[in-house]
Q: 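Before I ask anything, here is the structure I am working with.
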Amino acid sequence: MSTVKKSLTPHLPRQKRREVVENDEFAAFTRRIIRAHGRRVATGDVEALRDLLALSTAIDQAVCEAVIGLRAFGYSWAEIGQRLGISRQAAQQRWGDRP
C-alpha cells in the first residue's frame with residue numbers, strides 16, 4: 001500500500017504524442033531549397049555566400065527551439081538524445097541551459 005497522499009503529490013500525466021503531419025515532406029522540401037541556394041552561389045553569386053552560411057545559424061536556432069518545445073511537451077532528454085544519435089547527457093549539456 002502506498003503512503004503517498006495523492007492530494008499532496010501533483011501528478012502530471014505524460015502528454016500524448018502529437019500526430020506528425022508531413023514533417024518528412026517538409027524536411028525534404030527544405031533540404032532541396034538549401035541545396036538549390038548552394039548551387040546558385042556556386043554559379044558565381046559570391047555575394048550570397050554569407051547568406052548561405054547564415055543558414056547554419058538559423059538551423060541551430062531552429063533545433064534549439066524544437067528541443068525546448070519537445071521538452072515542454074514532455075519528452076525526456078533520453079528520448080531527444082536517442083533521436084539525434086547522442087547521449088542523454090550530451091543533449092542536456094547542449095540544450096539544457098536554454099530558457
Side-chain angles (χ1 to χ4, degrees):
M1 182 172 167
S2 175
T3 60
V4 175
K5 295 185 179 189
K6 291 187 186 265
S7 63
L8 300 177
T9 306
H11 176 67
L12 301 175
R14 182 172 175 86
Q15 297 171 331
K16 288 186 177 181
R17 182 175 175 200
R18 289 173 42 185
E19 191 64 32
V20 177
V21 179
E22 299 179 352
N23 278 348
D24 291 339
E25 293 86 0
F26 190 74
F29 172 69
T30 304
R31 284 190 295 272
R32 287 193 304 273
I33 291 172
I34 293 169
R35 286 193 304 266
H37 191 59
R39 287 191 301 272
R40 178 175 286 192
V41 172
T43 62
D45 189 2
V46 71
E47 298 303 322
L49 185 58
R50 186 178 315 141
D51 293 334
L52 183 61
L53 184 60
L55 288 174
S56 67
T57 301
I59 290 170
D60 287 343
Q61 291 169 343
V63 170
C64 182
E65 186 175 328
V67 169
I68 290 169
L70 289 170
R71 289 286 297 149
F73 196 72
Y75 284 92
S76 70
W77 288 116
E79 291 170 307
I80 291 168
Q82 180 184 22
R83 296 324 188 280
L84 298 173
I86 61 177
S87 69
R88 170 193 62 81
Q89 293 89 347
Q92 190 171 13
Q93 285 175 353
R94 182 161 181 184
W95 296 289
D97 62 347
R98 311 291 178 166

Q: Would you give the length of the straight line joining atom CH2 of W95 to atom CG of L70, rounded to the nearest 0.5 angstrom?
A: 10.5 Å
Q: Parallel, tilted or perpendicular: which fits the ring planes of Y75 and F73, with parallel below 30° and perpendicular above 60°?
A: parallel
Q: Which distance, rounded to the nearest 0.5 Å, do you find between the CG of D60 and the CZ of R94?
A: 6.0 Å
Q: Could you give me the CA-CA distance, side-chain angles and deciding distance for Q61 and T57, then say whether side-chain contact (heavy atoms from CB on, under 4.5 Å) is met?
A: CA-CA 6 Å; Q61 291 169 343; T57 301; 3.9 Å; yes
Q: Same cluster or not: are L55 and I33 linked, directly or through other Ile, Leu, Val, Met, Phe, Trp or Tyr residues, by side-chain heavy atoms under 4.5 angstrom apart?
A: no
Q: Side-chain heavy atoms nearer than 4.5 Å, only ILVMFWY residues, links allowed to pass through others: does that put I59 and I80 together?
A: yes
Q: Once rounded to the nearest 0.5 Å, what's the spacing between atom CD of E65 and atom CD1 of I68?
A: 7.5 Å
Q: Decide yes or no for W77 and V67: does some side-chain heavy atom of the first lie under 4.5 Å from some side-chain heavy atom of the second?
A: yes
Q: If you count every heavy atom of other residues, nucleotides or ligands that lies below 6.0 Å from R35 atom CZ, does the total exceed 12?
A: yes
Q: Rounded to the nearest 0.5 Å, how far does OG of S76 lie from CZ of R71?
A: 7.0 Å
Q: Let me confirm one number: the NE2-CG distance from H37 to L52, rounded to the nearest 0.5 Å.
A: 4.5 Å
